[in-house]
Amino acid sequence: MIYNKINDFCAVRNLGSCRKNGMEITPRVKFIIELLESEGIEYELDTFEDKLEDNKYYNIIMRGSSNRMIVAHHDIVNPNIDNANDNSASVINVIATKKLRPNINAVILDGEEFGGIGSNRLSKQIIRGDFGDIEWVLNFELTGRGGKYFFIGNYPGPLNDRIKNMFDCPIVRTPFNDAVTIRRYGIDSTVINPLPPLNGTEKSQVQFNDGKYLDYDLLFNCHSAKDSLSTISTTDMKEFVEEVILKIID
């Protein structure tokens, strides 16, 4: 099962953040490329550089015939942790979605953690027409737990309306993510983030349509040792992709 690949992916360590990896392809990018090749998924490695810092960045493009696009970022902040939910699970989930729906446009982005470096480049390519006429872009963030329980960002537009009408999911004010950059270019985009339900009578600021409160505290594991494989469920990842994402993109 492709979702199990997160175990191997989290064992891969970069030298550091996207600004500290130098001019060589990073170990995490190498892993993604090898995974795509093993799954028979065609890709393009879009390489661009910051000459002032002697540093290269990498967007991994998987083209499709659809006018819809999914994205997730592969870069990290802390090289000494699993980075399981932020954002290794989302990278695996994007690849799983592409395998199940080859017609979708999918891009794995660099530089989200430093202001959307990769999504800024991608947005310019979309505006230029490099992907045809893209209707919307759905950004996967922290998608390792929760399955069919999720929220979307407060980013008004047809994509949010579509998801809200399908699932009656909560809408939450979110921190920066690649959807913010993409929307600056006038492209419809939102972020989607599953969270597991809390047990018993516990409550949080996010409540799903069946009355269950979601574990919002899980979001604060990012960039710390708490963001470990032990917090991830491959069963939830599969449910999220196959019972939520496929319905949205079809």
Side-chain angles (χ1 to χ4, degrees), residues 1-38 45-50 52-60 71-96 107-121 139-146 174-181 191-196 215-237 240:
M1 184 169 70
I2 191 170
Y3 306 100
N4 290 332
K5 294 296 183 180
I6 189 171
N7 298 300
D8 298 326
F9 191 26
C10 287
V12 177
R13 298 289 192 256
N14 281 0
L15 295 175
S17 71
C18 66
R19 292 191 183 276
K20 296 181 179 180
N21 283 309
M23 302 298 281
E24 300 297 323
I25 296 177
T26 68
R28 282 173 63 85
V29 169
K30 288 179 181 177
F31 178 92
I32 295 166
I33 290 171
E34 291 170 1
L35 178 57
L36 293 176
E37 291 176 349
S38 70
L45 187 61
D46 181 22
T47 304
F48 48 109
E49 62 185 77
D50 185 336
L52 295 177
E53 296 183 353
D54 291 325
N55 198 71
K56 285 187 177 179
Y57 303 96
Y58 305 91
N59 284 353
I60 304 165
V71 300
H73 75 87
H74 66 76
D75 64 302
I76 52 93
V77 169
N78 187 343
N80 301 312
I81 63 174
D82 289 344
N83 293 288
N85 206 28
D86 183 23
N87 202 27
S88 298
S90 296
V91 170
I92 300 298
N93 285 339
V94 162
I95 294 171
V107 184
I108 302 174
L109 298 164
D110 207 346
E112 186 270 353
E113 302 287 7
F114 283 83
I117 295 169
S119 54
N120 183 69
R121 180 175 175 87
N139 181 35
F140 292 22
E141 274 282 357
L142 287 71
T143 61
R145 280 286 302 282
T174 67
F176 174 84
N177 62 85
D178 282 318
V180 174
T181 301
V191 64
I192 188 166
N193 187 159
L195 288 174
D215 187 3
Y216 193 77
D217 286 347
L218 188 63
L219 302 180
F220 298 98
N221 290 349
C222 294
H223 307 166
S224 76
K226 292 181 179 180
D227 188 8
S228 67
L229 270 171
S230 64
T231 66
I232 300 301
S233 166
T234 54
T235 300
D236 283 10
M237 290 169 63
F240 173 69

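When reading the values below, keep in mind they use all heavy atoms of this one structure, side chains included, and skip hydrogens, waters and symmetry mates. Quantities reported herein were computed from a predicted structural model and do not represent experimental measurements. We're numbering straight along the sequence, starting at 1.
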Legend entry - 4.5 Å side-chain heavy-atom contact, I95 and I32: yes
Inset, instruction - Any chance you could lay out the side chain to side chain contact (heavy atoms under 4.5 Å, CB included) test for N21 and V29, step after step, and finish with the verdict? - result: CA-CA 11 Å; N21 283 309; V29 169; over 6 Å; no
Inset, instruction - Indicate yes or no: at least one non-hydrogen side-chain atom of N221 is less than 4.5 angstrom from one of T231. - result: yes
Inset, instruction - Output yes when D54 and R19 qualify as a salt bridge under the 4.0 Å nitrogen-oxygen rule, no when they do not. - result: no
Inset, instruction - Show the numbers, then the answer: is there a side chain to side chain donor-acceptor pair (under 3.5 Å) between T143 and N93? - result: CA-CA 8 Å; T143 61; N93 285 339; 2.9 Å; yes
Inset, instruction - Could you label the plane-to-plane angle of the F9 and F31 rings as parallel, tilted or perpendicular, counting under 30° as parallel and over 60° as perpendicular? - result: parallel
Legend entry - Spacing of N83 atom CG and L229 atom CG [to the nearest 0.5 Å]: 10.5 Å
Inset, instruction - Answer whether the closest heavy-atom distance between the side chains of I33 and L45 falls below 4.5 Å. - result: yes
Legend entry - Minimum-distance pair of heavy atoms, taken over all atoms of N139 and A72: OD1-CA, 4.1 Å
Legend entry - Any donor-acceptor pair under 3.5 Å from D217 side chain to D215 backbone: no
Inset, instruction - Report yes if some heavy atom in the side chain of D236 is under 4.5 Å from a heavy atom in the side chain of P194; otherwise report no. - result: no
Legend entry - L109 CG to D178 CG distance, which is reported to the nearest 0.5 Å: 5.0 Å
Legend entry - Main-chain N/O of I76 paired to N78 side chain as donor or acceptor, under 3.5 Å: no
Legend entry - Interatomic distance, C10 atom SG to R28 atom CZ [nearest 0.5 angstrom]: 7.0 Å
Inset, instruction - Indicate yes or no: at least one non-hydrogen side-chain atom of H74 is less than 4.5 angstrom from one of D110. - result: yes
Legend entry - Non-hydrogen side-chain atoms of H73 and S119 separated by less than 4.5 Å: no
Inset, instruction - Kindly say whether F140 contributes a backbone atom to a donor-acceptor pair with the side chain of N87 at under 3.5 angstrom? - result: yes
Legend entry - D46 (side chain) donor-acceptor with I60 (main chain) under 3.5 angstrom: no
Legend entry - Verdict with supporting geometry, I232 and N85, side chain to side chain contact (heavy atoms under 4.5 Å, CB included): CA-CA 7 Å; I232 300 301; N85 206 28; 3.8 Å; yes
Inset, instruction - Without swapping roles, check the side chain of D75 against the backbone of S17 for a donor-acceptor pair under 3.5 Å. - result: no
Legend entry - Pairwise distance CD1(I92) to CE(M1) - rounded to 0.5 angstrom: 11.0 Å
Inset, instruction - Determine yes or no for a side-chain-to-main-chain donor-acceptor pair under 3.5 angstrom, with T181 supplying the side chain and N120 the backbone. - result: no
Legend entry - Heavy-atom donor-acceptor pair, Y57 side chain to G118 backbone, under 3.5 Å: no
Inset, instruction - First locate atom CD1 of I81, then atom NE2 of H223, and finally report the distance between them rounded to the nearest 0.5 Å. - result: 7.5 Å
Inset, instruction - Verify side chain to side chain contact (heavy atoms under 4.5 Å, CB included) between N193 and L219, making sure each step is shown before the conclusion. - result: CA-CA 9 Å; N193 187 159; L219 302 180; 3.2 Å; yes
Legend entry - E24 CD to K30 NZ distance, which is reported to the nearest 0.5 Å: 7.0 Å
Inset, instruction - Compare every heavy atom of A89 with every heavy atom of G144, then report the nearest pair and how far apart it is. - result: CA-CB, 3.5 Å
Inset, instruction - Decide yes or no for D86 and E141: does some side-chain heavy atom of the first lie under 4.5 Å from some side-chain heavy atom of the second? - result: yes
Legend entry - R13 and D82, any side-chain heavy atoms less than 4.5 Å apart: yes
Inset, instruction - Keeping the roles fixed (side chain from N59, backbone from V107), state whether a donor-acceptor pair exists under 3.5 Å. - result: no
Inset, instruction - Could you pull out the closest heavy-atom pair between Y58 and M23, with the gap in Å? - result: OH-O, 3.5 Å
